[in-house]
Protein chains: 2
Amino acid sequence: MSGLAAVAKLAQVSPATASRALHRPEMVARETRERVEQAAEQLGYRPNQLARSLRTRDSRTLALVVTDILNPFSATIAKAVQDTADQSGHNLFLFNSDEEPDKERRALETLRGHLPQGLIVVPTPGARENLELVPDLPVIELDRASGRPGAYTVMVDNRGGAYQAVRHLLDLGHTRIGMIVGRRNISTAQERYEGYCQALDEAGLPYQEALVLPGNHREEDGRQAATQLLSQPAGVRPTALFVGNNEMTVGAVLAARQLQLSLPGDLSVVGFDDSRWARTTTPSITVIAQPTYQLGQLACQRLIQLMSGVAPPEAHTRLPTTLIVRESTGPPPAR
Amino acid sequence: MSGLAAVAKLAQVSPATASRALHRPEMVARETRERVEQAAEQLGYRPNQLARSLRTRDSRTLALVVTDILNPFSATIAKAVQDTADQSGHNLFLFNSDEEPDKERRALETLRGHLPQGLIVVPTPGARENLELVPDLPVIELDRASGRPGAYTVMVDNRGGAYQAVRHLLDLGHTRIGMIVGRRNISTAQERYEGYCQALDEAGLPYQEALVLPGNHREEDGRQAATQLLSQPAGVRPTALFVGNNEMTVGAVLAARQLQLSLPGDLSVVGFDDSRWARTTTPSITVIAQPTYQLGQLACQRLIQLMSGVAPPEAHTRLPTTLIVRESTGPPPAR
DNA sequence: CTGAAAGCGCTAACAT
DNA sequence: ATGTTAGCGCTTTCAG
C-alpha cells in the first residue's frame, strides 16, 4: 500500500500537487502531471478511497436493498443497477431485506456509517419508518411505494397490468376468476388487486371475497392459496386464476398440477412478471411481463440525477407492462 | 450527522472517552459509559465508518465477485455469503464479472481502494493474473480454482459428481453418452469432464471426441451444443447427455424438445446443479445436486477465519454432491 | 479511569 | 502552477 506521499516524493512534488495531477489534471503543468502519473504507475498507486471520501464527503458509493435476492426479479434488478452504477463510476453495496422490515432497518443503519451518496430500495412495509434513519439521503423507491410523502418512485403500471390480465380472462369467457394477491400493505399488491377489481367491475361481475386469497410472495404461499382455492368442486371453484407475482405463480401452477387440473382445460392461469420458468414450463404460462432490467436501470439513472441536485421530472415514473399470451389460458371448461 | 464530538460534549467527557465507552466498554467506568451511551442514543449517533476504518485500518468490509448474478447458483451464493457476513458484522460489496476477466479486473481495482478485509471470488479464467492486483488480501476461491499457488478454495467434488452422473447412465444401459462441457480453462468444467472420462473408461467404453461439445455456461450455449449433438440420426446420436451446468441443461432440454425427442424415451439427460426449473419442468430432470448455500456459507466462514490469521485446516475444501434421480433418465431406446 | 495530542491518507484553502 | 497548512471523524498512544 504505497500512498500518495510516496508518489509525490518519487515525482519530486508535494502531495497536494500529486493529488491534483491525478484528479484535476488541468490544474497542473503537463510535464509535472506526466511525472506524477509515471510515478503512480511505477508504484502501483491506488488512492485510498476511504481517506478520499472522508475528506471530500463524497463516497461515490450507492446502495441497493432488494427484498429477495433469490427471486430472479431481484437478481435482474441487481444486475441492472450494478451495471448502471458501474458506468457512472459508482460502487454499489447490495443488501437483502428478505421482506423483513427489521433486516431492512439493520441494512440502513449499517449503510449510514458508510456515507453512501444515494439509495435505491424495494421497500418493505416498514420502509416508511426505516427510511427516517437516513433523512438526508437521496432515495429512489423501486417497484413499490412506501407511502412516504415526497418520495421518488420507479414502478410499473401494476393496476393496468392486472387489468390487462383479467380482461384477457374475461375475453376468453371466464366469469369465476380468482386472484392470489400479495400482502396488501405492499403497494404493488394493492394496485394489482385494484386492477383486478376494476376489470371485474367493468364487466359487471360481482366481487367475490372467497375468490381472493392473500400470500406472502413466495412460491409456497402461492401453492397454499391455490390449493385452497382449487380444492372446491368444479362449478364452484374458479375457472381462472390471476396470480400476483412470479414466485406465487410457480406455486399455484404446481398446486393445480397436484390436484390433477389440466391447464388450460380445467383452469386458466395468468401470472404477473415473466420468467424463464413461465416461458418453458409445460404448458407455458401466460403472463404480464415487466421491463425489469429497465426498471433497475431507470431507478439508478434517476438516483444519480437526484444526487446531482436535479429533481427528476416526475415523482412517480411508471413503466408499461405487456400481456404475453401463452398456453396456460383458454376458454373456461364447458360446464 | 452528529459526530462523536457532539456525543462527548453532551456526556461531558472527552471524545477519546466517548469512543472508548462505545467500543471498549470495559475500559470505562460504568457510570461514564452509561452517560455516553445515553448521549449517543439521544443524538442518534452513528459512527462514521470511513473515519473509523481509516484510523484502524479495518473496514469490516468483505467483497464477493460472482460470475453471473442472474444464475440462481450465484444468487444463492450471494445470499449465503451475505447472511454469513452479516452475522459476523461485516459488510459486503457485491460484484458481477459476467465471466469476463476484464470486468473482474475492474472490480478488483475498485475494491482495492476500499480496503476490504477479505475477498471471495468465483474466478474467471483471468483470475490468476487479476488477483495479483490485491496481493495482501485474504482470498477464498469459490466453486472454481484459479490455479494460483497457495490459494484457498471451497468447491464441490466435481469429478465425483460427474462420475456419479455418468455411472447412473451406464447402469441404465447407455453406451453412447454425450457431454456438454463448460470452458475447459475453468477448473469446474475440466474436473467434470474428467469424471465423465473416468466413468466411461472404467466401463470399458471408448472416448468419442464427437460426443463432447464445449459451451460457455449459458442457456444458449447448451441449446446450440445439444442441437448439434442431437441432430444426427438415431443410432448415431447419443442416447444420453450429461450437461455440465444448470443453465446449459435448460438449453439442452429445450433443444431436445424442439427436435421432438422425448425424455427419457429417446434421450436421457442428467444436469449438474439442481434448480427449481429442473425440479418442476416436465419431465423433471435428473441432476447432480450441489450444496450451494453451504458452499457460500463455508467460504465466508473460512474467509473470516483466514482474516483472523488462522490458516484454514486445509487449502482445498470439497463438499460432496448428490445424485437425484428424476424423470429425465431411463433405459436407452430399443435400437 | 480519563484527557491531550497525534495522525490514518487524502484534498481544499490559502499563499506564493 | 505549486507548496504549505489544516482538518475530514475517529482511535490510540502516552501521560496523568
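In this text, all values refer to a predicted model and were calculated from it rather than measured experimentally. Residue numbers start from 1 in every chain, and the chains themselves are labelled A, B, ... in the order their sequence lines are given, proteins ahead of strands.
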Spacing of Leu295(B) atom CG and Arg318(B) atom CZ [to the nearest 0.5 Å]: 10.5 Å

Interatomic distance, CG@Leu119(B) vs CZ@Arg112(B), rounded to 0.5 Å, equals 13.0 Å

Distance in angstrom units between [X] [atom1] and [N] [atom2], rounded:
X: Arg112(A); N: dG9(D); atom1: CZ; atom2: C1'; result: 15 Å
X: Glu31(B); N: dC1(C); atom1: CD; atom2: P; result: 13 Å
X: Gln12(B); N: dG3(C); atom1: CD; atom2: C1'; result: 15 Å
X: Arg30(A); N: dA1(D); atom1: CZ; atom2: P; result: 13 Å
X: Asn48(B); N: dC8(C); atom1: CG; atom2: P; result: 18 Å
X: Arg33(A); N: dA1(D); atom1: CZ; atom2: P; result: 11 Å
X: Gln49(A); N: dC8(C); atom1: CD; atom2: P; result: 19 Å
X: Arg57(B); N: dG7(C); atom1: CZ; atom2: P; result: 15 Å

Contact string for nucleotides 11-16 of chain D, one letter per nucleotide 5' to 3', B = base within protein heavy-atom range under 4.0 Å, S = sugar-phosphate only, - = neither, reads BBB---

Going by atom type alone, with no hydrogens or angles, which donor-acceptor pairs under 3.5 Å involve a side-chain atom of residues 137-146 of chain A and a protein atom two or more places apart or on another chain?
from      : atom 1 : to        : atom 2 : distance (Å)
Glu141(A) : OE1    : Ser146(A) : N      : 2.7
Glu141(A) : OE1    : Ser146(A) : OG     : 3.3
Glu141(A) : OE2    : Ser146(A) : OG     : 2.6
Glu141(A) : OE2    : Arg148(A) : NE     : 3.0
Glu141(A) : OE2    : Arg148(A) : NH2    : 3.2
Arg144(A) : NH1    : Glu99(A)  : OE1    : 3.2
Arg144(A) : NH1    : Pro123(A) : O      : 2.9
Arg144(A) : NH2    : Glu99(A)  : OE1    : 3.4
Arg144(A) : NH2    : Glu99(A)  : OE2    : 2.8
Ser146(A) : OG     : Arg148(A) : N      : 3.1

Show which side-chain atoms of residues 299-312 of chain A pair as donor or acceptor with protein atoms under 3.5 Å away, not counting sequence neighbours.
from      : atom 1 : to        : atom 2 : distance (Å)
Arg302(A) : NE     : Thr317(A) : OG1    : 3.3
Arg302(A) : NH2    : Thr317(A) : OG1    : 3.1
Ser308(A) : OG     : Gln305(A) : O      : 2.7

In chain order, what residues pass the salt bridge (Lys or Arg N to Asp or Glu O under 4.0 Å) check against Glu31(A), with sequence neighbours excluded? none

Quick one: list whatever passes salt bridge (Lys or Arg N to Asp or Glu O under 4.0 Å) with Glu247(A), sequence neighbours left out. Arg276(B)

Are side-chain heavy atoms of His217(A) and Thr67(A) found at a separation under 4.5 Å? no

Is there side-chain contact between Gln297(B) and Asp83(B), with heavy atoms separated by less than 4.5 Å? no

Please determine if Arg106(B) and Asp86(A) form a salt bridge, counting it only when a charged side-chain N lies under 4.0 Å from a carboxylate O. yes

For DNA chain C, which consecutive runs of 3 or more Watson-Crick or G-U pairs (each distance under 3.5 Å) count as stems? C:1-16 with D:1-16

Using a cut-off of 4.0 Å on non-hydrogen atoms, how would the nucleic acid contact of Thr32(A) be classed: base, sugar-phosphate, or nothing? sugar-phosphate

